[in-house]
There are 2 protein chains.
Amino acid sequence: MQRDTRQRRAIRAAFKEAGHPLSPKELLELARREVESLGIATVYRNLRALEKEGWIEAVELPGESPRYEVAGKGHHHHFHCQDCDRVYEVEGCPGNLKSITPEGFELESHEFVLYGRCETCAA
Amino acid sequence: MQRDTRQRRAIRAAFKEAGHPLSPKELLELARREVESLGIATVYRNLRALEKEGWIEAVELPGESPRYEVAGKGHHHHFHCQDCDRVYEVEGCPGNLKSITPEGFELESHEFVLYGRCETCAA
DNA sequence: AAAGTATTGATACTAGTTTCTCGTTAGCTT
DNA sequence: AAGCTAACGAGAAACTAGTATCAATACTTT
């Protein structure tokens, strides 16, 4: 049976407070504010468990190792800040996708990443 | 000075014949049809050299290690076939990007990937 | 054709990320 | 509160992608 540990609570809390996708390292840092002895192995163990139970899902960005965000947010995309390297969610979707899909290809889904500077770094 | 070797010719030829982005492994396979002794180290060496001289450029897709395509094609995006795992180029661009960029964020560039089945695999 | 050296191929190595191992800790149940 | 054992922490190990090493090969020039 699954236990409700300090570590797991800290990890869940970190996701909720952050509100944007977190890499394992970012997650470790954030959750250590709560449980400072937290180890990286525990982070990975819980990421796997939380993903399996559907509470988080992986966010893969070009040339980056995966980040994770709380699941069930509906269709959205991401903004990657080139200064602070953080990833933000963006609402909305450009649409128009079928028109650029080549003849005979079956479009199933799409991913879409904006690059630039976030509000904080742009200032 | 740079030499014109069988290996380098085979690699260039593979890019031109393929007409779509190639991973180092794909490139190795293709170029081995021409030079069967070709080693992976040589592939990486030439990828680096060709990228440096601007003849190819890297194509980064979510969760994938980089592929490379012949440079200088103008703005375009990519279609990743989930069956054969090949990547194709697609013309056009949805536009409309500023409207979904959050307040205060500075948009610099974007990347955009379609997923589904290519013509061959859809048949 | 010979000499000089850039390039090759095989393999060892590095770097980064994720997983495994195992003794210890701490939730949960009774 | 005692016992059971899931979960933890630290470090070793595995995996992957890419780079470095070095003797052998093969372009180029003379």
Side-chain angles (χ1 to χ4, degrees), chain A residues 1-15 18 21-69 78 80 84-87, chain B residues 1-15 21-69 78 80 85-87:
Chain A
M1 120 276 328
Q2 195 169 59
R3 290 178 184 178
D4 182 28
T5 64
R6 271 159 28 85
Q7 290 79 349
R8 191 162 299 161
R9 278 195 299 272
I11 286 170
R12 275 206 174 89
F15 271 118
L22 297 175
S23 69
K25 262 183 223 157
E26 287 172 325
L27 182 57
L28 179 63
E29 270 179 53
L30 287 177
R32 266 191 173 157
R33 293 183 191 165
E34 200 62 34
V35 181
E36 57 175 317
S37 69
L38 187 62
I40 189 70
T42 298
V43 168
Y44 278 106
R45 264 191 296 254
N46 279 288
L47 282 174
R48 235 189 314 166
L50 290 170
E51 190 179 19
K52 198 167 167 186
E53 77 182 53
W55 197 82
I56 57 173
E57 44 197 34
V59 176
E60 309 249 27
L61 298 186
E64 305 272 312
S65 36
R67 296 160 202 243
Y68 297 86
E69 66 185 0
H78 297 96
H80 188 173
C84 67
D85 202 46
R86 259 191 283 261
V87 172
Chain B
M1 122 276 326
Q2 195 169 65
R3 290 179 184 177
D4 183 27
T5 65
R6 270 160 29 84
Q7 290 77 350
R8 190 163 299 161
R9 278 196 299 273
I11 285 170
R12 276 205 172 90
F15 271 118
L22 298 175
S23 69
K25 263 182 222 157
E26 287 173 324
L27 182 56
L28 179 64
E29 270 180 55
L30 287 177
R32 266 190 174 158
R33 293 184 192 164
E34 200 62 35
V35 181
E36 57 176 315
S37 69
L38 186 63
I40 188 69
T42 298
V43 168
Y44 278 109
R45 263 191 296 255
N46 278 288
L47 282 174
R48 233 189 315 167
L50 289 169
E51 190 180 18
K52 199 166 166 187
E53 76 183 55
W55 197 81
I56 57 174
E57 43 197 33
V59 176
E60 308 251 26
L61 298 186
E64 306 271 312
S65 36
R67 296 161 202 243
Y68 297 85
E69 66 186 2
H78 296 95
H80 188 173
D85 202 45
R86 258 192 284 261
V87 172

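Just so we're on the same page: letters track the sequence lines, and every chain starts at 1. Since this is a predicted model, take the numbers as computed values, not measurements.
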Inset, instruction - Mind calculating the distance between CG (B/Leu28) and C1' (D/dG18) to the nearest angstrom? - result: 14 Å
Inset, instruction - Search all heavy atoms of A/Asp85 against all heavy atoms of A/Arg67 and return the closest pair with its distance. - result: O-NH1, 3.2 Å
Inset, instruction - Indicate whether OP1 or OP2 belonging to C/dG9 is found under 4.0 Å from a side-chain N or O atom of B/Ser37. - result: yes
Inset, instruction - Please tell me which of A/Asp4 and B/Tyr68 maps to the more 5' nucleotide of DNA chain D, matching each residue to the nucleotide holding its nearest heavy atom. - result: A/Asp4
Legend entry - Atom-to-atom span, CD of B/Gln2 to C1' of C/dT5 - whole angstrom: 14 Å
Legend entry - Separation of atom CD1 in A/Ile40 from atom P in D/dA12, rounded to whole Å: 16 Å
Legend entry - Nearest-neighbour nucleotide for the B/Thr5 side chain, D/dT28, D/dA20, C/dT7 considered: C/dT7
Legend entry - Distance in angstrom units between B/Arg9 CZ and C/dA6 C1', rounded: 15 Å
Legend entry - Within-4.5 Å side-chain heavy-atom neighbours: A/Leu27 and A/Tyr68: no
Inset, instruction - Taking only the side-chain heavy atoms of A/Thr42 (C-beta and beyond), determine which of D/dA17, D/dA20, D/dG9 contains the nearest atom. - result: D/dG9
Legend entry - CD/A/Glu57: more than 12 non-hydrogen atoms of other groups inside 6.0 Å: yes
Inset, instruction - Choose from D/dC8, C/dT19, C/dG9 the nucleotide whose nearest atom is closest to any side-chain atom of A/Tyr44. - result: C/dT19
Legend entry - DNA chain C: 5'-proximal contact among A/Lys25 and A/Arg48 (nearest heavy atom): A/Lys25
Inset, instruction - Mark yes or no for a side-chain to base donor-acceptor pair under 3.5 Å between B/Arg45 and C/dG9, with no hydrogen or angle criteria applied. - result: yes
Legend entry - Donor-acceptor pair (no angle test) under 3.5 Å: A/Arg6 side chain, C/dG27 base: no
Legend entry - Closest non-hydrogen atom pair between B/Val87 and B/Pro21, with its separation: O-CD, 3.3 Å
Inset, instruction - Kindly state which residues belonging to residues 57-66 of chain B come within less than 4.0 angstrom of DNA chain C, counting heavy atoms of the residue only, listed by number. - result: none
Inset, instruction - Give a yes or no on whether A/Glu53 atom CD has more than 12 heavy-atom contacts from other residues, nucleotides or ligands under 6.0 Å away. - result: yes
Legend entry - Minimum-distance nucleotide to A/Gln7 side chain [options: D/dA7, C/dA10, D/dG9]: D/dG9
Legend entry - Separation of C/dT18 C1' from A/Leu27 CG (nearest whole Å): 14 Å
Inset, instruction - Tell me what B/Leu38 touches on the nucleic acid: a base, only sugar-phosphate, or nothing, going by heavy atoms under 4.0 Å. - result: sugar-phosphate
Inset, instruction - Give a yes or no answer on whether the side chain of A/Arg32 reaches the backbone of A/Leu38 with a donor-acceptor pair at less than 3.5 Å. - result: yes
Inset, instruction - Kindly say whether, by distance alone, the side chain of A/Arg3 makes a donor-acceptor pair under 3.5 Å with the base of D/dT5? - result: yes
Legend entry - B/Arg8 side-chain N/O to B/Arg3 backbone N/O, donor-acceptor pair under 3.5 Å: yes
Inset, instruction - For residues B/Leu50 and B/Arg12, determine if any side-chain heavy atom of one lies less than 4.5 Å from a side-chain heavy atom of the other. - result: yes
Legend entry - Interatomic distance, A/Asn46 CG vs C/dT18 C1' [rounded to whole Å]: 14 Å
Inset, instruction - Calculate the interatomic distance between B/Glu26 atom CD and D/dA17 atom C1'; express it in whole Å. - result: 15 Å
Inset, instruction - Using atom CG of B/Leu47 as one end and atom P of D/dA17 as the other, report the distance to the nearest whole Å. - result: 14 Å
